[in-house]
2 protein chains.
Amino acid sequence: MSSTIATFIKEKRKQLKVTQPELAERAGVGLRFVRELEQGKQSVRLDKVNQVLALFGSELGVIQKTEA
Amino acid sequence: MSSTIATFIKEKRKQLKVTQPELAERAGVGLRFVRELEQGKQSVRLDKVNQVLALFGSELGVIQKTEA
DNA sequence: CATATTTATACCCTTATGGGTACAAATATA
DNA sequence: TATATTTGTACCCATAAGGGTATAAATATG
């Protein structure tokens with residue numbers, strides 16, 4: 001299901017059988033950023049997250065919280 | 001429609017008839033941040049965007065790009 | 001139209017993100 | 001199980017995000 005951004009990216013990356021260093025290079029971000037991102041760090045920059053997501057044809061957008 | 005995060009927040013804020021200073025205070029972020037956010041600044045921090053969106057019962061998540 | 005309110009831009013300053021890198025821990029593979 | 005690969009954590013440093021604030025521009029209201 002990949003509820004969080006972190007797990008989404010991790011899953012997508014593994015689907016493509018790409019390592020973190022490779023993903024970082026392709027996305028044009030630092031390796032450390034990719035790692036912090038997949039670890040669920042909240043205080044990341046929106047534009048850099050989107051740089052990574054762009055590799056999967058995705059992007060960040062507003063979603064409504066699902067009712068309990 | 002509010003395709004972008006910026007317009008989404010701006011529209012939601014106006015729906016509630018709240019000024020930017022009020023929104024900033026309620027969200028616990030700086031006034032300048034709210035303004036840059038509504039102006040479409042890309043390099044904002046994810047956690048702070050979510051702080052603002054939380055006021056509308058929303059949050060940031062991964063979305064798939066719509067086909068052309 | 002004049003005035004009040006709201007929003008946008010610019011300034012300085014502090015803080016921490018992100019980059020690079022090295023090494024440890026964990027995982028995969030032979 | 002030994003080895004190779006991948007991932008996670010820690011370090012220093014430069015840069016810029018974000019806070020506060022003042023002022024100008026834009027908008028709303030009388």
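In what follows, chains carry the letters A, B, and so on, assigned in the order in which the sequence lines appear, proteins first and then strands, with residues in each chain numbered from 1.
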Visitor: Rounded to the Å, how far apart are B:Phe33 CZ and C:dT7 P?
Guide: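 These atoms are roughly 16 Å apart.
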Visitor: Can you find a heavy atom in the side chain of A:Glu36 that is under 4.5 Å from one in the side chain of A:Gln39?
Guide: no
Visitor: Once you round it to whole Å, what is the distance between P of D:dG19 and CZ of B:Arg35?
Guide: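 To the nearest whole Å, that distance equals 12 Å.
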Visitor: Could you tell me the separation between the CZ atom of A:Arg13 and the C1' atom of C:dT27, rounded to a whole number of Å?
Guide: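 So the two atoms are 12 Å apart, to the nearest Å.
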Visitor: In whole angstrom, what separates A:Leu31's CG from C:dC23's P?
Guide: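 One finds 16 Å between P of C:dC23 and CG of A:Leu31, rounded.
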Visitor: Between P on C:dA26 and NZ on A:Lys10, what's the gap in Å once rounded to a whole number?
Guide: 13 Å
Visitor: Taking only heavy atoms on the protein side, list every residue of residues 36-54 of chain A lying under 4.0 Å from any atom of DNA chain C, sorted numerically.
Guide: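 Nucleic-acid contacts, sorted: A:Lys41, A:Ser43, A:Val44, A:Arg45, A:Lys48.
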Visitor: Compare the minimum distances between each of C:dG19, C:dT7, D:dT6 and the side chain of B:Thr19, then state the nucleotide with the smallest one.
Guide: C:dT7
Visitor: Distance check needed: D:dT6 P versus A:Glu25 CD, whole Å only.
Guide: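 A:Glu25 atom CD is separated from D:dT6 atom P by 14 Å.
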Visitor: Between B:Gln20 and C:dA8, is there a side-chain N or O to OP1/OP2 distance below 4.0 Å?
Guide: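 Yes, B:Gln20 has a side-chain N/O under 4.0 Å of OP1/OP2 on C:dA8.
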Visitor: Should the pair A:Arg13-A:Glu22 be classified as a salt bridge under the 4.0 Å nitrogen-to-oxygen rule?
Guide: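 Salt bridge: no.
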Visitor: Is any side-chain heavy atom of B:Leu46 closer than 4.5 Å to a side-chain heavy atom of A:Arg45?
Guide: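 No; the side chains remain at least 4.5 Å from each other.
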Visitor: For A:Leu23 and D:dG8, what is the distance between atoms CG and P respectively, to the nearest whole Å?
Guide: 12 Å
Visitor: Are any non-hydrogen side-chain atoms of B:Ile9 and B:Val52 less than 4.5 angstrom apart?
Guide: yes
Visitor: So, do B:Phe56 and A:Val62 sit near enough that their side-chain heavy atoms are less than 4.5 Å apart?
Guide: no
Visitor: Give a yes or no on whether the backbone of B:Val44 and the side-chain of A:Asp47 come within a donor-acceptor separation of less than 3.5 Å.
Guide: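 Not a single qualifying donor-acceptor pair exists.
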